[in-house]
Amino acid sequence: MWSLVAVGVIGGCGSDIASEPSANPTPPTSTERTSTTTTTAADDAVPVLTGATGELIITRQRDLLDRGFINVQIVNDTGDDLLIGDRRLISTNFDTPAAPPRTSTLGDGRTVNLQVPYGTVIDCSADTPVESRLELEVDDGRRQIPLTGTDLLDQIQAEQCAQVAFDAAVEPTFGDAVVDGEVASVDVVLTPVDGAPVITIERGDGTVLVGTELVEQPVVVDKSPTTLAVVFDVNRCDPHAMAEVTKRYALDLTVSIEGGEPQRVEIDIAPIVDDLETIVANCRAANP
């Protein structure tokens, strides 16, 4: 799960979309970042929607960020009901696609959460806070709403850039998993490339279905291959959890690169998915 997801449901708010198509973001490589133009957060050509305010928020939809979306909470104090069409989040240092087509009605004095993609970071050398706005089609044309809550995008930027640095620094390989009932144990060897920074792995996390723990922590990856002993243990296998979750398995690591601020990164667990399916099936068999 995303480490920053810790905000409760906002009471009395409408929800624009219960679920959106998957849009898992892939952080750009250094080549892609240098070839993309930075998106600005100010465009005088698009009038501000006077009387409407917006804030980036996280709700209890815990998998929302993993699917590449974030909520924009809009409060309509314009004095008129609004028919909202196409919408797009525009943020400095992010390349962001438009949201899937959707029409929403927002009555005067009401609040709604619109789910929009947050996009991918353009330049990991940028060190200024992210600014953001929502551009949307309303009854009388295109309008923009400046947004607060952009510290969430600062955190997303930090995590995406940590992922880029981690992927460039180490090559993970999986040993053979050992399955024992509802538990699977596996060694992951992290081989640093020449000149890689020192990486300290502070903890491991999984998902609602299958938890993840490191046998030893912290683990320091320096100049030689380092073995990460990982244990996957089924948390839940009931039908409700199985139907609700969109991210079944994960190996998320909280890492510090060269002593920097700890950030979440993810290791691709494709080599052991069959083993994780097995421990969940064992749980289902034991708890019919």
Side-chain angles (χ1 to χ4, degrees), residues 1-10 20 22-30 32-33 36 38-41 53-74 88-97 99 113-134 145-169 197 199-208 212 218 246-247 250-267:
M1 300 209 183
W2 288 75
S3 58
L4 58 84
V5 179
V7 182
V9 170
I10 306 297
E20 292 278 17
S22 177
N24 294 323
T26 301
T29 64
S30 57
E32 290 169 335
R33 290 197 300 269
T36 309
T38 301
T39 303
T40 62
T53 57
E55 180 182 7
L56 294 166
I57 65 167
I58 305 297
T59 66
R60 289 189 190 222
Q61 294 166 283
R62 293 173 291 186
D63 66 339
L64 191 65
L65 291 176
D66 284 323
R67 293 189 286 113
F69 289 85
I70 193 168
N71 276 306
V72 179
Q73 185 174 94
I74 297 178
R88 181 174 182 174
L89 187 67
I90 307 293
S91 306
T92 53
N93 202 34
F94 277 79
D95 181 17
T96 309
N113 296 339
L114 303 181
Q115 294 181 8
V116 293
Y118 53 75
T120 53
V121 174
I122 293 169
D123 182 6
C124 282
S125 67
D127 58 1
T128 56
V130 177
E131 297 177 8
S132 187
R133 71 180 189 272
L134 182 70
I145 302 175
L147 300 177
T148 60
T150 54
D151 56 314
L152 295 176
L153 292 178
D154 291 333
Q155 179 62 29
I156 290 172
Q157 175 173 276
E159 292 191 352
Q160 286 194 14
C161 291
Q163 185 76 60
V164 170
F166 182 83
D167 291 343
I199 297 175
T200 302
I201 301 172
E202 300 187 357
R203 61 173 291 166
D205 290 289
T207 65
V208 172
T212 303
T246 58
K247 186 175 183 180
L251 175 50
D252 291 342
L253 303 177
T254 299
V255 305
S256 172
I257 300 176
E258 287 289 359
E261 187 74 19
Q263 301 293 345
R264 189 204 73 153
V265 300
E266 183 174 3
I267 291 181

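When reading the values below, keep in mind they use all heavy atoms of this one structure, side chains included, and skip hydrogens, waters and symmetry mates. Just so we're clear, the structure is a prediction, and the values are computed from it rather than from any experiment.
Remark: the backbone N or O of A162 is not paired with any side-chain donor or acceptor of Q263 at under 3.5 angstrom. Looking at Y118, its side chain does come within 3.5 Å of a backbone N or O of L65 through a donor-acceptor pair. Between the side chain of D154 and the backbone N or O of V130, at least one donor-acceptor pair lies under 3.5 Å. Remark: the backbone N or O of P262 is not paired with any side-chain donor or acceptor of S256 at under 3.5 angstrom.
Of all non-hydrogen atoms in E266 and D252, the two that sit nearest each other are CG-OD1, 3.4 Å. The two residues T53 and I145 have their closest heavy-atom pair at C-CG2, 3.8 Å. Annotation for F166 and I257: closest pair N-CD1, 4.2 Å, computed over non-hydrogen atoms. Counting all heavy atoms, side chain and backbone alike, A99 lies closest to V116 at CB-CG1, 4.1 Å. Across I199 and A169, no two heavy atoms sit closer than the pair CD1-CB, 3.9 Å. Nearest approach of T246 to R67, heavy atoms of both residues: OG1-CD, 3.9 Å.
The side-chain heavy atoms of L89 and S132, taken from C-beta on, include a pair separated by under 4.5 Å. Side-chain contact between F94 and V121: present, with at least one pair of heavy atoms (C-beta onward) separated by less than 4.5 Å. Contact check for D205 versus T254: side-chain heavy atoms found under the 4.5 Å cut-off.
Atom CD1 in I57 sits 11.5 Å away from atom CG in L147 (nearest 0.5 Å). Rounded to the nearest 0.5 angstrom, I70 CD1 and I156 CD1 are separated by 4.5 Å. Atoms OG1 and CG, on T148 and L56 in that order, are 7.0 Å from each other to the nearest 0.5 Å. Taken to the nearest 0.5 Å, the CD atom of E131 stands 11.5 Å off from the CG atom of N93. Rounding to the nearest 0.5 Å gives a distance of 12.0 Å between CG of L253 and OG1 of T200. For the atom pair OG1 of T128 and CD of Q157, the computed distance is 7.5 Å after rounding to the nearest 0.5 Å.
Salt-bridge check for D66 with R264: passed, with a basic side-chain N closer than 4.0 Å to an acidic carboxylate O.
Residues Q163 and E159 bring no donor and acceptor atom of their side chains to less than 3.5 Å of each other.
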